[in-house]
Protein chains: 4
Amino acid sequence: MATVTDQPQRRAPRPRADAVRNRERIVAAAVELIVEHGTELPLDEVARRAGVGNATLYRNFKDRGELMRHVVLTVTDRISAHAEQGLAAVEADEADSFGALRTFVHAAADERIGALCPILHATFEHAHPDVVAARDRLTVAVEGLIARARATGQLRSDVGVGDLMVALSQLTRPLPGTGCMDFDRFVHRHLQLFLDGLMTPARSELPGEAATLEALRQE
Amino acid sequence: MATVTDQPQRRAPRPRADAVRNRERIVAAAVELIVEHGTELPLDEVARRAGVGNATLYRNFKDRGELMRHVVLTVTDRISAHAEQGLAAVEADEADSFGALRTFVHAAADERIGALCPILHATFEHAHPDVVAARDRLTVAVEGLIARARATGQLRSDVGVGDLMVALSQLTRPLPGTGCMDFDRFVHRHLQLFLDGLMTPARSELPGEAATLEALRQE
Amino acid sequence: MATVTDQPQRRAPRPRADAVRNRERIVAAAVELIVEHGTELPLDEVARRAGVGNATLYRNFKDRGELMRHVVLTVTDRISAHAEQGLAAVEADEADSFGALRTFVHAAADERIGALCPILHATFEHAHPDVVAARDRLTVAVEGLIARARATGQLRSDVGVGDLMVALSQLTRPLPGTGCMDFDRFVHRHLQLFLDGLMTPARSELPGEAATLEALRQE
Amino acid sequence: MATVTDQPQRRAPRPRADAVRNRERIVAAAVELIVEHGTELPLDEVARRAGVGNATLYRNFKDRGELMRHVVLTVTDRISAHAEQGLAAVEADEADSFGALRTFVHAAADERIGALCPILHATFEHAHPDVVAARDRLTVAVEGLIARARATGQLRSDVGVGDLMVALSQLTRPLPGTGCMDFDRFVHRHLQLFLDGLMTPARSELPGEAATLEALRQE
DNA sequence: AATGAATGAGTATTCATTCAT
DNA sequence: CATGAATGAATACTCATTCAT
């Protein structure tokens with residue numbers, strides 16, 4: 001039915017079928033390599049891993065910063081989707097709100113949120129519109145989860161979204177030079193322990209003030 | 001002429017007075033820079049910060065690996081001292097055992113345990129005798145603290161020393177390019193939350209198995 | 001059906017209508033960019049300025065050298081036309097012969113004789129038949145102008161066609177990175193001064209020997 | 001007599017005897033290569049020509065721009081010295097003032113003033129204090145020569161220092177890819193002709209306005 | 001025939017490490 | 001001993017040219 005109207009419109013997007021694939025493969029390879037070797041990885045290595053020439057990488061991403069930004073956007077979007085999904089479940093089904101938070105945290109870890117550490121760099125373009133938008137989307141969704149968990153009295157009231165996201169990023173931050181496999185065994189334990197610490201009743205008083213993701217913008 | 005008789009007595013202690021100072025300044029500068037800029041920093045920068053020529057650095061430390069090892073040893077030793085001191089206090093005075101653990105964790109953060117991130121690299125010589133010895137010393141002391149806290153029923157029984165140390169290292173791991181100052185504001189909050197999660201009664205079941213520091217030797 | 005009979009007639013002129021246009025636009029873009037940014041400009045830039053894909057450029061011009069050659073030929077031909085026109089005027093109308101030389105020099109500058117700077121490169125194919133032919137045509141015409149100006153006693157007798165053409169090229173040679181607009185303000189002054197120096201009576205003795213365009217073939 | 005006071009002060013400058021030599025050799029090689037191959041020359045080639053490793057070049061000159069700046073400063077200073085020497089001769093000895101200008105122009109050509117074309121680039125750091133100072137020094141000296149030549153009625157009054165310097169630079173601008181040897185044969189002829197055009201009585205009217213070196217600052 | 005994409009070879013620059021003073 | 005300088009081996013990035021659509 002709708003296909004009739006679709007056909008004439010397809011001319012523009014088509015010729016890039018393989019180019020789009022290359023782009024995706026480059027970002028995927030970059031995520032992998034950031035997880036394995038940290039953010040200082042050689043871009044030629046990314047290109048090789050993606051199975052393309054190095055210049056193809058540069059055709060798609062003007063420089064290292066742009067590639068990093070796309071990695072961040074890609075991973076952030078995936079994680080936002082998890083958060084929104086969890087939030088929808090909680091709102092729709094009256095599900096266990098803290099459980100939704102737990103589920104989200106572990107899912108974010110599996111999505112390699114630790115690879116987002118570049119976003120925490122002072123040198124990273126925190127002000128780029130796309131980055132701001134992605135961060136805002138994630139913040140909104142996670143704040144929703146947090147508000148729900150707080151509303152049901154399961155989450156202590158003195159923690160902010162930044163506390164959760166920064167600790168989550170740090171605890172899952174990849175170990176350079178490793179396949180990460182061994183490390184994964186421990187990470188979910190640490191997350192679980194941290195989540196336990198977020199529950200009510202609060203067992204200690206927190207120093208400082210609640211962090212926000214915006215506050216990480218350096219300078 | 002009378003001074004001649006003095007000279008032989010000076011042999012042992014004197015010749016290294018400033019050399020020792022140089023060594024210490026180099027390690028101190030390295031710790032600072034690792035905390036500020038991560039482990040990939042230029043060694044010339046370390047030398048400059050230490051106020052010595054770069055060749056002096058290489059005279060004292062054969063290569064980057066050796067310098068990193070000494071950084072790790074220095075920081076580990078300081079942290080071990082804190083752990084042992086806490087343990088002694090607990091054993092002597094029947095003090096609050098979980099409180100001792102808390103005190104130790106925050107002290108380790110202030111001692112820049114985050115500078116131990118080189119130990120997280122696969123390329124680091126985890127098997128070097130000095131490193132093994134330092135790690136063992138720290139492990140013993142922290143295990144003592146853990147045993148005490150467990151004995152008084154305040155620490156949940158399903159966490160190992162590795163869980164504590166790895167999570168502690170990760171949560172305090174510096175963000176490259178950061179003056180770290182802003183970050184410090186949050187770190188103690190995260191540690192406090194994590195510590196809350198370590199208390200009894202356990203609020204969740206932990207996946208995987210307890211980590212040990214030895215297990216961090218990758219590959 | 002009747003239209004079928006029309007088709008055979010179209011063979012010769014039609015198939016190249018837009019192709020010819022493309023060729024011209026590419027050369028024009030190249031001239032512009034050489035004037036603005038020197039000869040080291042990226043060919044992709046030329047294609048973009050011409051509004052065609054880069055591959056189209058390569059379909060028309062095998063490589064950089066061939067494009068440069070066509071630029072040189074195009075510009076040279078235009079300048080030859082000016083010279084021949086000036087010569088015709090002088091011969092027909094007994095006009096002011098040195099004035100014709102002046103007019104030619106400024107016209108050549110406006111035709112962007114500075115874009116001939118590729119001809120100044122040692123790597124340029126000075127011996128290519130088309131280049132030789134174009135250069136000979138220009139040389140003949142300019143020599144005619146010079147002969148006339150000399151015959152009327154206005155042009156000093158110790159300067160050759162090469163002196164004129166090389167100095168003219170150099171004085172109008174574009175400065176890379178410049179929009180050239182500002183530079184244009186000065187160029188005609190310098191040309192005027194140089195032309196004044198060509199007039200009789202000679203005010204100095206010239207060192208070396210008269211240059212010829214052929215002598216620019218380096219090595 | 002003065003040597004007594006000199007001896008104790010010599011300690012500082014000594015240890016760099018060879019380093020200073022390297023620096024000079026790098027600049028000299030850069031001038032040579034700019035003359036031969038233009039400003040886009042590979043820096044590795046400069047290092048090789050200077051007989052040092054490429055990193056030595058970068059130790060001495062942070063980047064391409066800094067090397068270029070020092071080339072410009074070096075050449076400009078040498079040329080300024082010529083101009084000042086000529087000016088001193090004219091002022092002291094009542095020598096032929098236009099002859100002094102001629103002598104200066106040919107000397108500047110031999111000092112490769114044509115290699116200064118980078119100074120005319122829009123991308124060059126025209127505002128750098130050292131460049132400004134060097135340009136001012138040169139401008140002052142040449143303006144002195146011009147004023148003298150004008151005062152004696154030999155130089156036409158409608159040309160500015162910028163007219164002279166830009167035309168001089170352009171006429172002596174090296175031909176990329178050549179040993180320049182052949183070209184040198186012609187350059188002094190063109191300069192001589194241009195200089196003739198500068199003499200009184202003026203043989204034509206000049207369009208536009210007198211250029212200044214400052215006006216070449218792009219944008 | 002025309003295009004956008006892909007590629008490899010080249011160039012600038014950085015940094016760990018060694019050498020000469 | 002301590003130092004500044006020198007070096008070669010990376011790595012990021014550009015561009016002429018070729019390929020697939």
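Because the structure is predicted, anything quoted here is derived from the model rather than measured. The basis for the numbers below is simple: all heavy atoms, side chains too, and nothing from hydrogens, waters or symmetry mates.
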*Asks:* Please test A:R64 against A:V46 for side chain to side chain contact (heavy atoms under 4.5 Å, CB included), starting from the C-alpha separation and ending with a verdict.
*Replies:* CA-CA 11 Å; A:R64 181 185 208 86; A:V46 174; over 6 Å; no

*Asks:* What dot-bracket string describes DNA chain F from 5' to 3', counting Watson-Crick and G-U wobble pairs whose defining distances are under 3.5 Å, with [ ] for crossing pairs and | for pairs to another strand?
*Replies:* .||||||||||||||||||||

*Asks:* Whole Å only: how far is the CG atom of A:D63 from the P atom of F:dT11?
*Replies:* 18 Å

*Asks:* Can you find a pair of side-chain heavy atoms, one from B:E36 and one from B:R49, that are under 4.5 Å apart?
*Replies:* yes

*Asks:* List the atom of D:L41, the atom of D:A30, and the distance in Å for their closest heavy-atom pair.
*Replies:*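 Reported closest heavy-atom pair: CD1-O, 4.1 Å.
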
*Asks:* Is any side-chain heavy atom of A:L43 less than 4.5 Å from a side-chain heavy atom of A:N54?
*Replies:* no

*Asks:* Quick check: does any side chain N or O of C:D63 sit under 3.5 Å from a backbone N or O of C:E66, one acting as donor and the other as acceptor?
*Replies:* yes

*Asks:* E:dT17 C1' sits how many Å from B:E45 CD, rounded?
*Replies:*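 B:E45 atom CD is separated from E:dT17 atom C1' by 17 Å.
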
*Asks:* Roughly, in whole Å, what's the span from CZ in D:F61 to P in F:dA6?
*Replies:*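 Rounded to whole Å, this separation is 11 Å.
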
*Asks:* Ion pair present between A:R25 and A:E32, side-chain N to carboxylate O less than 4.0 angstrom?
*Replies:*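 Answer for the salt bridge query: no.
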
*Asks:* For A:E45, enumerate each residue passing the salt bridge (charged side-chain N to carboxylate O under 4.0 Å, His left out) test, keeping only those at least two apart in sequence or located in another chain.
*Replies:*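 By the salt bridge (charged side-chain N to carboxylate O under 4.0 Å, His left out) rule, A:E45 matches A:R48.
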
*Asks:* Closer than 3.5 angstrom, by distance alone: can the side chain of D:R23 be matched with the main-chain N or O of D:N60 as a donor-acceptor pair?
*Replies:* yes

*Asks:* Let's see if you get this right: which residues in residues 48-60 of chain C place a heavy atom under 4.0 Å from DNA chain E?
*Replies:* C:V52, C:G53, C:N54, C:A55, C:T56, C:R59

*Asks:* Name the closest nucleotide to the D:P42 side chain, picking from F:dT17, E:dC15, E:dA12.
*Replies:*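 Closest nucleotide to the D:P42 side chain: E:dA12.
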
*Asks:* Return the value, rounded to whole Å, for the distance between atom CG of D:L41 and atom P of E:dT13.
*Replies:* 12 Å

*Asks:* What is the distance, rounded to the nearest whole Å, between atom CZ of B:R21 and atom C1' of F:dA2?
*Replies:*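 In whole Å, F:dA2 C1' lies 17 Å from B:R21 CZ.
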
*Asks:* Taking CZ from B:R23 and C1' from F:dC1, how many angstroms apart are they, rounded to a whole number?
*Replies:*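 Spelled out: CZ on B:R23 to C1' on F:dC1 is 14 Å.
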
*Asks:* Side chain of B:H126, backbone of B:I119: donor and acceptor closer than 3.5 Å?
*Replies:* yes

*Asks:* Rounded to whole Å, please give me the gap between CG in D:N22 and P in F:dT7.
*Replies:* 7 Å

*Asks:* Just how far, in rounded Å, is P of F:dA10 from CG of D:D44?
*Replies:*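 Whole-Å distance recorded here is 15 Å.
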
